[in-house]
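Everything below concerns the one structure shown next.
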Number of protein chains: 2
Amino acid sequence: MSKHITMKDIAEKVGVSTVTVSKALNDKEGVGGELKQKIKAVAMELGYRLNTAAKSMREGLTYNIGVVIPERFTGPDQSFYLRVYQEIAKALESHGYYGILHILSSSDEQELQLPRVYYDRKVDGIILLGQISKPYIELMNSTRTPILFLDFYDDHSDIDAVVTDNFYGAYEMTNYLIRLGHRNIAFVGSIHSTSSIQDRFLGYYKSLLEHRIPLRQEWVLHDRDEHGTLIDIAMPAELPTAFVCNCDQVAYLVVQQLKNNGLRIPEDCSVVGFDNDIYATLTDPHLTTVEVDIEQLAQSSTQTMLGKIASPDLRHGRIVVPGKIIYRDSVRELL
Amino acid sequence: MSKHITMKDIAEKVGVSTVTVSKALNDKEGVGGELKQKIKAVAMELGYRLNTAAKSMREGLTYNIGVVIPERFTGPDQSFYLRVYQEIAKALESHGYYGILHILSSSDEQELQLPRVYYDRKVDGIILLGQISKPYIELMNSTRTPILFLDFYDDHSDIDAVVTDNFYGAYEMTNYLIRLGHRNIAFVGSIHSTSSIQDRFLGYYKSLLEHRIPLRQEWVLHDRDEHGTLIDIAMPAELPTAFVCNCDQVAYLVVQQLKNNGLRIPEDCSVVGFDNDIYATLTDPHLTTVEVDIEQLAQSSTQTMLGKIASPDLRHGRIVVPGKIIYRDSVRELL
DNA sequence: CTGAAAGCGCTTACAG
DNA sequence: CTGAAAGCGCTTACAG
């Protein structure tokens, strides 16, 4: 193996000290303009690459951020969080940081085992992507490592979170349906399952309230069991004219089920989703849905995390990233 | 911020030197059994965590592996490589290593810009996941960083690669169809697009050859343009009784197209896929397909990479991971 | 079995 | 504007 080039090599070649090389390469004050150019040129010529480990030790920063996703959100048919991770990795890189992914196994979550990145002191902070058990949140919170929740939050008011505006997205979507003449509108989603679903439900409910449409409990449909596993949806005896589904995958299943019952979408029944993921265009007809702004989610969480590392005591609160309705073909206007 | 605990803190508390602490914590020789236990107990009590940066600098290893995926393989509807990455991250962690994901933008690929992880000396080796342009391969190869191809290979006989056994998988699948009485079998996939598709085609062809079934060029169908974008498939005038598709997504599209032409699957026409990804069970009927063993792919590539880091001059060659036929409902027996 | 010394490559005060 | 000194936390010879 050819030895790595260090600042010392550059210093010797140029005939200055390593201190000066360090200053020049980092654009710090205290080096003459001409000398600085010279040093940079020689660095380039020699193929110098910074030894990050040395810098890390010196500064006490790893320039890594851990991204922890509970494994139940990473099945073969759930790529959403992996896509978020991908965007986070990109966003971090543009700030000179790197992401390290950790899939948290369900057993580690139950047994309150912290991710290895923590014990190896591999990261300067941890982004928790996807709702996790309360005891685990407590545990993470007790580590004094900067923590950020992404795509969920709970009653830990002392932890910062970045979330999609689930509430407002579902509210706007329901308003849209009502504007088209719908008044019999169901919500599909188990409202005690995750805070996302709960907030989407509340947005739907607010829209009903504002329009003085009573909430009918038999039109709030369960879509998953207590483990989060999707279950068959029990259709109500009296059918609504529209279904607000808590996500595209469930909307896809609802459409299938309605079709099996001989109904046409959207002629007989309108169905809307949330997320604008692969299921939105896999459904026939393509779903009207709310697009989650993954890129913005990634950027906000990256910036917030870097801010927390720089000033650990600064509070950021709950940062809400708005979504956007994508109009497609699964909704019909009622006359 | 509370100061971090170091080996020195442990050493002082126990009344020994940091050398002894280091030996004890790393299970190295030269520490008495009882003392070792004592040291470990105190480390635990104090909540000691290794400073990886210091270890890294000392040993010249980052304990990180870069995983580079060209961005064209990471669209919203392509989660396969992200899932492979996820498994690699897991496999690496069990070896005390971590993965750092880098999505290679198409412009960086064209302009031969190496990933930042390289310049920041963030990784001990790079796994290239997904076919990449030849000039870029040359470039990577010139860096003297250990490189491993994953899920593709080309004529660089001096680079190691881990691939799914595309050839054998398609060969077995075609054999299966022939065993069921099919003799008019088409292949769907642009055979100059990627080496995976090419190898799957060759496996299909070998099966035909062995059974003395002539290859009909009009039954080798294009499915994507030169950019890899999927295109409408031009069905041949005379229809075969079975389609061997190069991947599940394309099988899904073929099924749709055949259905639109009024054909029933599998009664009128059999269709098989490859990958066993989300499209396999999204298709109606569910696809008979070849499952790619993602976990094994991840483990083999991780082990090979760690082997290369330990012994840079050792050659590993092309490591082939077998797939497995998953029998479902898209194939019918011809009598 | 235990420890003093040296060094990995960098950056931050501080002195000139 | 430039550089000598010190130190980040660890581990590897080496000496006792």
Side-chain angles (χ1 to χ4, degrees), chain A residues 1-40 42-43 46-64 96 119-124 309-310, chain B residues 1-40 42-43 46-64 96 119-124 309-310:
Chain A
M1 292 299 280
S2 58
K3 214 180 103 283
H4 283 140
I5 305 294
T6 69
M7 287 192 179
K8 201 171 160 208
D9 297 318
I10 301 173
E12 278 169 10
K13 177 133 185 182
V14 179
V16 293
S17 74
T18 59
V19 178
T20 304
V21 173
S22 173
K23 283 175 186 159
L25 260 26
N26 288 300
D27 285 319
K28 292 260 163 79
E29 296 200 342
V31 204
E34 206 173 321
L35 180 56
K36 185 157 135 183
Q37 291 316 313
K38 177 86 190 284
I39 288 171
K40 287 193 174 182
V42 171
L46 260 35
Y48 172 75
R49 292 182 295 150
L50 175 71
N51 184 324
T52 316
K55 189 182 180 185
S56 281
M57 181 163 67
R58 185 69 234 260
E59 302 186 348
L61 286 175
T62 64
Y63 294 101
N64 294 145
Y119 292 110
D120 285 354
R121 227 187 258 181
K122 262 284 186 179
V123 297
D124 300 333
I309 291 168
Chain B
M1 294 301 281
S2 58
K3 211 179 103 290
H4 282 142
I5 305 294
T6 69
M7 286 190 179
K8 201 171 160 207
D9 297 319
I10 302 173
E12 279 169 9
K13 177 131 185 184
V14 179
V16 293
S17 73
T18 60
V19 177
T20 302
V21 172
S22 172
K23 282 176 188 161
L25 259 27
N26 289 300
D27 285 319
K28 290 259 163 81
E29 296 203 339
V31 204
E34 206 172 323
L35 180 55
K36 186 158 135 183
Q37 291 316 314
K38 178 85 190 282
I39 290 171
K40 286 193 174 183
V42 171
L46 258 35
Y48 172 75
R49 291 182 295 149
L50 174 71
N51 184 325
T52 315
K55 189 183 181 186
S56 281
M57 180 163 68
R58 185 67 234 262
E59 302 186 351
L61 286 175
T62 63
Y63 294 100
N64 294 145
Y119 293 110
D120 286 354
R121 225 186 261 182
K122 262 285 186 179
V123 296
D124 300 332
I309 290 167

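Naming: A, B, ... by sequence-line order, numbering from 1 per chain. From a predicted model like this one, the values you see are computed outputs, not experimental measurements.
- Annotation for B:M57 and A:A53: closest pair N-CB, 3.9 Å, computed over non-hydrogen atoms.
- A:N51 has its CG atom 18 Å from the P atom of D:dC8, to the nearest Å.
- The backbone N or O of A:L61 lies less than 3.5 Å from no partner atom in the side chain of A:D124, so there is not a single donor-acceptor pair.
- With D:dC10, C:dT2, C:dC10 as the candidates, the nucleotide lying closest to the side chain of B:L35 is C:dT2.
- Annotation: of the two residues near DNA chain C, B:V16 and A:K55, the 5′-most nearest-nucleotide partner is B:V16.
- Here C:dT12 is the nucleotide among C:dG3, C:dT12, D:dG9 with the atom lying nearest to any side-chain atom of A:K28.
- Phosphate proximity of C:dG3 to B:T20: present, with a side-chain N or O under 4.0 Å from OP1 or OP2.
- Across the protein-nucleic acid pair, B:E12 atom CD and D:dG9 atom P stand 12 Å apart, rounded to whole Å.
- Rounded to an integer number of Å, the gap from A:K36 NZ to D:dC1 C1' is 13 Å.
- C:dA13 is unpaired under the Watson-Crick or G-U wobble criterion, no partner having all donor-acceptor distances under 3.5 Å.
- One distance of note links OG1 of B:T62 with CG of B:D120; it measures 11.5 Å at 0.5 Å rounding.
- Toward the 5' end of DNA chain D, the nearer of the two residues B:V19 and B:A54, judged by each one's closest nucleotide, is B:A54.
- Of the residues near DNA chain C, B:M57 and B:K23, the one whose nearest nucleotide (by heavy atom distance) lies more toward the 5' end is B:K23.
- Annotation: A:K38, atom NZ; neighbour count of heavy atoms from other residues, nucleotides and ligands within 6.0 Å does not exceed 12.
- At whole-Å resolution of the value, NE2 in A:H4 and P in C:dG9 are 10 Å apart.
- Atom NZ of A:K13 has 12 or fewer heavy atoms from other residues, nucleotides or ligands within 6.0 Å.
- The distance between atom CD1 of A:I10 and atom C1' of C:dG9, rounded to the nearest whole Å, is 12 Å.
- Rounding to whole angstrom units, CE of residue A:M7 and C1' of D:dT2 are separated by 16 Å.
- In this structure, CG of A:L61 is placed 17 Å from P of C:dC10, rounded to the nearest angstrom.
- Within the shown strands, nothing qualifies as a pairing partner of C:dA4 under the Watson-Crick or G-U definition with both distances less than 3.5 Å.
- Here C:dG7 presents its P atom at 18 Å from CD of B:E59, a figure rounded to the nearest Å.
- Not one side-chain nitrogen or oxygen of B:Y48 sits closer than 4.0 Å to the OP1 or OP2 atom of D:dG9.
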